[in-house]
Q: 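I'd like to ask some things about the structure below.
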Amino acid sequence: MARARSARGDGVFSIAGPQWQDLRALLDRHLPSAEVLRQLVPLLLVGFGLVAAFGFAYQIGSSKDTALKSAERELALTADVSARNIMPATLSSSADWQGSLAASLPKGATRNGRTALLADAEGDIQARAPIGTSYRGNLLTVLGPQQPLTIMGANAGVLRLTLLDGTDAIVTVRNVPQTDAQLAFIQPVSGALADWRGDAVIEISLLVCAGLVLLLIAGGFLYLVPSSA
């Protein structure tokens with residue numbers, strides 16, 4: 001039985017041996033020499049690095065635009081829901097504007113730096129969330145007098161503005177139904193891009209790690225393959 005297995009094994013290797021030799025000879029004729037490979041490795045690394053860098057730059061830029069548009073949609077939706085949740089009777093019969101604002105906000109309304117400001121008919125801010133925010137006074141002193149948000153309300157949509165304090169922010173304003181009050185939502189662009197920034201750091205770290213691995217492999221190849229000189 002052992003002899004039969006040995007015979008079968010010898011027969012397989014006796015057939016496969018010449019085939020592998022022919023394949024190796026064919027590859028040797030078409031593959032570049034070791035010296036050519038030594039010269040190609042740096043060029044290939046530079047080419048890979050350029051392609052990878054351009055690809056990652058495009059991906060990061062595209063994902064940044066997507067994240068900002070998503071933040072604008074979320075801000076608009078939060079403003080719509082909050083404005084509808086405010087009870088007009090509460091604002092007209094009670095001085096507790098802060099409680100009315102707090103009760104109207106959906107869960108996560110002030111996430112990622114978002115701020116809600118509830119102003120009366122004159123634009124004076126009567127309530128804010130979070131309550132410790134630094135925005136005080138009149139909406140025009142916060143948003144700036146040249147913006148269309150307080151005039152057009154929801155029709156102006158979500159705008160990216162530079163506030164009077166220099167903050168780059170996305171802003172939207174809603175007229176509270178059946179009242180003269182206005183509800184403004186402000187989110188710094190830095191807060192809107194917080195999640196994107198974390199993803200970008202991970203992607204860049206992966207690119208750097210891949211580059212280091214390729215450099216290590218290329219260095220080992222150049223070290224092991226002898227030079228013709």
Side-chain angles (χ1 to χ4, degrees), residues 59-91 94-120 123-144 147-150 152-205:
Q59 170 64 24
I60 290 175
S62 177
S63 61
K64 180 180 180 180
D65 294 338
T66 301
L68 192 57
K69 291 178 180 178
S70 177
E72 292 175 353
R73 289 193 297 269
E74 188 173 355
L75 191 70
L77 180 60
T78 302
D80 289 336
V81 173
S82 300
R84 290 192 179 98
N85 287 342
I86 295 178
M87 302 299 294
T90 304
L91 298 185
S94 172
D96 188 17
W97 286 50
Q98 186 66 47
S100 299
L101 175 62
S104 69
L105 297 178
K107 184 178 180 180
T110 56
R111 179 176 172 267
N112 288 336
R114 285 191 291 262
T115 299
L117 303 175
L118 183 59
D120 59 19
D124 295 327
I125 299 173
Q126 301 294 334
R128 58 195 61 83
I131 196 170
T133 182
S134 60
Y135 296 126
R136 297 287 192 278
N138 194 280
L139 275 182
L140 294 181
T141 63
V142 176
L143 304 182
Q147 48 76 33
L149 288 167
T150 54
M152 300 178 63
N155 292 329
V158 180
L159 299 182
R160 183 170 179 174
L161 304 174
T162 300
L163 305 182
L164 288 185
D165 62 359
T167 302
D168 184 16
I170 54 176
V171 184
T172 191
V173 175
R174 296 292 184 273
N175 295 322
V176 179
Q178 303 178 30
T179 70
D180 293 328
Q182 285 189 319
L183 178 62
F185 272 86
I186 302 172
Q187 183 175 21
V189 171
S190 59
L193 298 178
D195 294 337
W196 166 83
R197 192 176 297 107
D199 294 338
V201 169
I202 294 176
E203 292 180 0
I204 293 174
S205 300

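If you're wondering where the values come from, they're calculated on a predicted model, not measured in any experiment.
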Q: Does any N or O in the side chain of Trp196 come within less than 3.5 Å of the main-chain N or O of Asp65, such that one atom is a donor and the other an acceptor?
A: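 A pair under 3.5 Å: no.
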Q: In sequence, state the C-alpha distance, the side-chain angles, and the governing distance for Glu74 and Arg114, and then conclude on salt bridge (charged side-chain N to carboxylate O under 4.0 Å, His left out).
A: CA-CA 11 Å; Glu74 188 173 355; Arg114 285 191 291 262; 3.5 Å; yes
Q: Please report the interatomic distance CZ(Arg160) to CD1(Ile170), rounded to the nearest 0.5 Å.
A: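 One finds 8.5 Å between CZ of Arg160 and CD1 of Ile170.
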Q: First locate atom CD1 of Ile186, then atom CG of Leu139, and finally report the distance between them rounded to the nearest 0.5 Å.
A: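 The CD1 atom of Ile186 sits 7.5 Å away from the CG atom of Leu139.
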Q: Restricting to non-hydrogen atoms, name the atom on Thr172 and the atom on Gly157 that form the minimum distance, rounded to 0.1 Å.
A: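 For Thr172 versus Gly157, the nearest heavy atoms are OG1-O, 3.0 Å.
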Q: I'd like to know if the side chain of Ser100 reaches the main chain of Asp96, judged simply by a donor and an acceptor atom lying under 3.5 Å from each other, with no hydrogens or angles considered.
A: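 Between the backbone of Asp96 and the side chain of Ser100 there is a qualifying donor-acceptor contact (under 3.5 Å).
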Q: Is there a donor-acceptor pair closer than 3.5 Å between any side-chain N or O of Thr179 and the backbone N or O of Val176?
A: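 Side chain of Thr179 to backbone of Val176: a pair is present.
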Q: Indicate yes or no: at least one non-hydrogen side-chain atom of Asn175 is less than 4.5 angstrom from one of Leu183.
A: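 They are not in side-chain contact.
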Q: Do you know the tightest heavy-atom contact between Leu193 and Ala67?
A: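 In terms of heavy atoms, the two residues are closest at CD2-CB, 4.0 Å.
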Q: So do Leu101 and Ser104 actually touch side chain to side chain, heavy atoms under 4.5 Å?
A: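 With C-beta onward as the side chain, the pair touches.
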Q: Output yes when a side-chain donor or acceptor of Thr162 lies under 3.5 Å from a complementary backbone atom of Asp168, and no otherwise.
A: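 Absent.
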Q: What is the distance from atom CZ of Arg174 to atom CZ of Arg84, rounded to the nearest 0.5 Å?
A: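 That separation rounds to 8.5 Å.
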Q: Quick check: closest heavy atoms across Leu75 and Val158, and the distance to 0.1 Å?
A: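 The pair with the smallest heavy-atom distance is CD2-CG1, 4.2 Å.
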Q: As an exercise, state the distance from OG of Ser70 to CG of Asp195, rounded to the nearest 0.5 Å.
A: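 Going from the OG atom of Ser70 to the CG atom of Asp195 covers 9.0 Å.
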Q: Can you tell me how far the CG atom of Asp165 sits from the OG1 atom of Thr141, to the nearest 0.5 Å?
A: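 Output value for this atom pair is 10.0 Å.
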Q: Assess whether atom CD of Gln178 is packed by more than 12 heavy atoms of other residues, nucleotides or ligands within 6.0 Å.
A: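 No, CD of Gln178 has 12 or fewer neighbouring heavy atoms, counting only those of other groups under 6.0 Å.
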Q: Judged by atom type as modelled, is there a donor-acceptor pair below 3.5 Å linking the side chain of Asp124 to the main-chain atoms of Asp120?
A: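 No; zero donor-acceptor contacts below 3.5 Å.
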Q: Run the side chain to side chain contact (heavy atoms under 4.5 Å, CB included) test on Leu163 and Leu143 for me, step by step, so that the C-alpha distance in whole Å, both residues' side-chain angles and the decisive distance to 0.1 Å come before the verdict.
A: CA-CA 5 Å; Leu163 305 182; Leu143 304 182; 4.0 Å; yes
Q: Look up atom CG in Leu117 and atom CZ in Phe185, then write down how far apart they are to the nearest 0.5 Å.
A: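 Interatomic distance, Leu117 CG to Phe185 CZ, rounded to 0.5 Å: 9.0 Å.
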Q: I need the minimum non-hydrogen distance between Ala129 and Thr110, along with the two atoms involved.
A: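 Shortest heavy-atom separation between Ala129 and Thr110 comes out as O-CG2, 3.7 Å.
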Q: Provide the closest heavy-atom pair for Arg136 versus Arg128 in the form atom of the first, atom of the second, distance.
A: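 For Arg136 versus Arg128, the nearest heavy atoms are NH1-CD, 3.2 Å.
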Q: Hey, is the main chain of Gly123 close enough, under 3.5 Å, to the side chain of Gln182 for a donor-acceptor pair?
A: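 No: the side chain of Gln182 does not pair with the backbone of Gly123.
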Q: Does this structure show an ion pair linking Asp199 with Lys64, if we count only N-O contacts that are shorter than 4.0 Å?
A: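 Looking at Asp199 and Lys64, the cut-off is not met.
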Q: How far apart are the closest heavy atoms of Leu164 and Gly144, and which atoms are they?
A: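 Nearest pair, atom of Leu164 first, then Gly144: CG-CA, 3.9 Å.
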Q: Are the side chains of Pro106 and Thr78 in contact, using a 4.5 Å heavy-atom criterion?
A: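 The answer is yes, as the side chains (C-beta and beyond) meet within the 4.5 Å cut-off.
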